[in-house]
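All remarks here apply to the structure that follows.
First the proteins, then the strands, lettered A, B, ... as listed; each starts at 1. All of these numbers come straight from a predicted model, not from anything done at the bench. Values reported hereafter were calculated over all heavy atoms of this structure, with side chains retained and with hydrogens, waters and symmetry mates removed.
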Amino acid sequence: MKAKLSALVLAAAEKAHTEGQLPATPSADILVEEPKSESHGDYATNFALVSAKQQKMAPRKIAEILQSHIGDGGGAIRKTEIAGPGFLNFFLQTAAWYPTLARIHAEDHAYGASGVGKGERVQIEFVSSNPTGPLHVGHGRGAAVGDATANIMAFCGFDVQREYYINDSGRQIHTLGRSVYLRLLASTGKSVDFPEECYQGEYIRDLAAQVLAQEGEHLLDQPEADAILTCARFAARAIIAGIRRDLERFGVHFDCWFSEQGLYDEGKVDRSLADLERQGKIYRRDGAKWFRTSDYGDEKDRVVVRSNGQTTYFASDIAYHQDKYARGFQRVIDVWGADHHGYIPRMTAAVEACGQRRDQFQVILVQLVNLLRGGEPVAMSTRAGEFETLTDVIDEVGSDAARFIFLTRHYESPLDFDLELAKQKTNDNPVYYVQYVHARIASMVRRAADNGFTRVGWDAALATHLVAPEEIRLIKLMGRYPEVVEKSALSMEPHRITFFLMELAAAFHAYYNRHRVLGDDPDLSRARLLLVTAIQMVIRNGLTLLGVSAPDRM
RNA sequence: GCGCCUGUAGCUCAGUUGGAUAGAGCAACGGACUUCUAAUCCGUAGGUCGCAGGUUCGAAUCCUGCCAGGCGUGCCA
């Protein structure tokens, strides 16, 4: 409808220009938008205001000329009105809204989908938590944001791959192995010092018991270095398996689990460093090797090989990102915790130095989660082992509530996650508010079937019974959904869909309380069933993109 | 010091990418269950959009400078 009006406005302006009423050729980017207030019509254009300078004419005068050429849009426009400084407002015929409803019924599960992504190959890498302990709530937010973004982009025609990068190499894996080994020694009765830098959580003791059960007593007779390596490999594998389980529970599936160690094993890190060194992008200083990231906008150069010969994480990250582009992704999106933001300039620099455009690398920086219980902060420290794990939170509040709450805020703002609030099945908790719409309508459909209203398909004649202002408002609102999804995909902001769903839910609940769907008039009842089942489809489609279920009963 | 993020109603947050009179939820107050699910709805009240300039027909939105909070700033990961 919006596009149709834009075309109409442009045609009118061109006609006026041809007839000599407008001096300049009208530019093509005509903006038609929905005014906030209904008194300003269903749609409005600011063409007259925007083009006043170009046309050298008063905005209201331009609007008048435009108005005289607009016509009735093939019967869709009831009236036009010039208002304020020069807006041209459109008031549509009631019947102009029915095609929107027809479209929802026709497209059903696909309503809201589009092809704006044009098949662009995009990779979204998210969570990528180090395999040294279970996922906590912060990772949950990254998982919800990454997964929903991937869903939404895929729905909009992007070719999306989800990836998890496993940091299974380097010092913290060694620390993990050492932590398990020391707990293992302690469990055999030896008195050992357990250093502060080791992982303190209870799960380390469990892993120690498991590795002992699998490897047997001879593990203790091995040289310490070998035993630690065994423990490290065992623990990392077990923790990754646990992470994978937690994510499955959370409804998150990855297409690819990518191993950092694999990059080393295949020589990709060495090759990448050698290439860059040959190109003069890496140099030696103070016994270390430095990458010239400052040539690409970073504030200073960064070490890739330390003077002790060990590579830094940055080195493998460079090789890793090169590998992503080598696999054919046109755009790479990394979802990181906000505490990594200092890493963005150097990673962007590295991507550019390796021959990609800056805009082919994007970072979604997810702000921190403050976990609360009844308003009181819950301590979260991995080292002290007293953190709330994601799986505990899912146990307590459920996957749906957790995912929805993670997506009720722009990812750039910090989030207070209150466990008590998330559990409440009241209107404090927006997830149930939205799901309730779906369940209520499902219940109505069941009731309708009992009363002999077999589920009716789309029927244009029947739809003309929908004339109440609330009904038109609902259709209009649903008509906006495809645009919301598209903007959500292009800006990578899933919360837009969450807020849209809450708005649609509010409009539905208000309608429900005011109008009876299943009443004495069979045609009216059938017409209203057409309306509410469309709402049900839109709610379900939106919840699905967010990774939240749409229940038939609550 | 420098960099990134944030600042909107008592609280938690939206704000259609520069539009008209800035919106929700919670909390407060007053109402609606003999009803298709009250996990709901209706109403009242609540604002110097951090502050000061600038850009223009028009600014919560863009630019500059301040103020406040969070995070970062390693040959750590």
Protein-proximity profile, nucleotides 12-22 of chain B, B/S/- by nucleotide at the 4.0 Å heavy-atom cutoff, equals SSSSBB-BB--
K268(A): partners by salt bridge (charged side-chain N to carboxylate O under 4.0 Å, His left out), with sequence neighbours left out:
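Here the qualifying residues are E266(A), D323(A).
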Does a side-chain N or O from [X] land closer than 4.0 Å to OP1 or OP2 of [N], or not?
X       : N      : value
Y433(A) : C41(B) : yes
R514(A) : A32(B) : no
Y436(A) : A39(B) : yes
R171(A) : C75(B) : no
R440(A) : A38(B) : yes

Closest to the [X] side chain: [options]?
X       : options                : answer
N513(A) : C75(B), C41(B), A38(B) : C41(B)
V303(A) : A39(B), U40(B), C75(B) : C75(B)
E412(A) : U40(B), U6(B), C71(B)  : U6(B)

For [range], which residue pairs qualify under salt bridge (Lys or Arg N to Asp or Glu O under 4.0 Å), counting only residues two or more places apart or in two chains?
range                       : answer
residues 505-515 of chain A : E470(A)-R514(A)
residues 402-419 of chain A : D147(A)-R403(A)
residues 343-352 of chain A : E352(A)-R358(A)
residues 305-315 of chain A : none

Report which part of the nucleic acid [X] touches: base, sugar-phosphate, or nothing (heavy-atom distance under 4.0 Å, all strands).
X       : result
D286(A) : base
D552(A) : base
H515(A) : base
E299(A) : sugar-phosphate

Considering residues at least two apart in sequence or located in another chain, which fulfil the side chain to side chain donor-acceptor pair (under 3.5 Å) criterion with [X]?
X       : result
Q362(A) : R331(A)
Y481(A) : none
R302(A) : D298(A)
E471(A) : Y511(A), R528(A)

When the [atom1] atoms of [M] and [N] are compared, how many Å lie between them, rounded to an integer?
N      : M      : atom1 : answer
U8(B)  : G58(B) : P     : 27 Å
A45(B) : G25(B) : P     : 15 Å
A22(B) : A28(B) : P     : 27 Å
G19(B) : G23(B) : C1'   : 16 Å
C51(B) : U61(B) : P     : 11 Å
G7(B)  : C66(B) : C1'   : 14 Å

How should the glycosidic conformation of U17(B) be described, syn or anti, under the criterion that syn lies within 90° of 0?
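Base orientation: syn.
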Please evaluate the base of G72(B) for a donor-acceptor partner in the side chain of H340(A) within a cut-off of under 3.5 Å?
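Absent.
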Between the base of C75(B) and the side chain of S307(A), is there any donor-acceptor pair under 3.5 Å?
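Yes.
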Measure all distances between protein nitrogen or oxygen atoms and nitrogen or oxygen atoms of nucleotides 47-51 of chain B, and list the pairs falling under 3.5 Å.
none

Can [X] and [Y] be counted as having a side-chain donor-acceptor contact under 3.5 angstrom?
X       : Y       : answer
R496(A) : H410(A) : no
Y43(A)  : N89(A)  : no
Q67(A)  : T80(A)  : yes

Can you list the stems that RNA chain B is part of, where a stem is at least 3 pairs in a row, each Watson-Crick or G-U, with both distances below 3.5 Å?
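Looking at RNA chain B, the stems formed by three or more consecutive pairs are B:1-7 with B:67-73, B:10-13 with B:23-26, B:28-32 with B:40-44, B:50-54 with B:62-66.
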Would you say the ring centers of Y165(A) and Y320(A) fall short of 6.0 Å from each other?
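Yes; Y320(A) has its ring centre under 6.0 Å from that of Y165(A).
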Contact nearer the 5' end of RNA chain B, comparing Y512(A) with A288(A)
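Taking each residue's closest nucleotide, the earlier one in sequence belongs to Y512(A).
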Would you mind telling me which residue lines up with the more 5' stretch of RNA chain B, S169(A) or S443(A), judged by nearest nucleotide?
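So the residue in question is S443(A).
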Within this structure, what is the OH-to-C1' distance between Y313(A) and A77(B), rounded to whole angstrom?
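Y313(A) atom OH is separated from A77(B) atom C1' by 6 Å.
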Nearest-Å distance for atom pair CD1/C1', residues I364(A) and C4(B)
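Answer to the nearest Å: 16 Å.
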Does R440(A) make a cation-pi contact with Y512(A) (under 6.0 Å, within 45 degrees of the axis)?
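So R440(A) does make the cation-pi contact.
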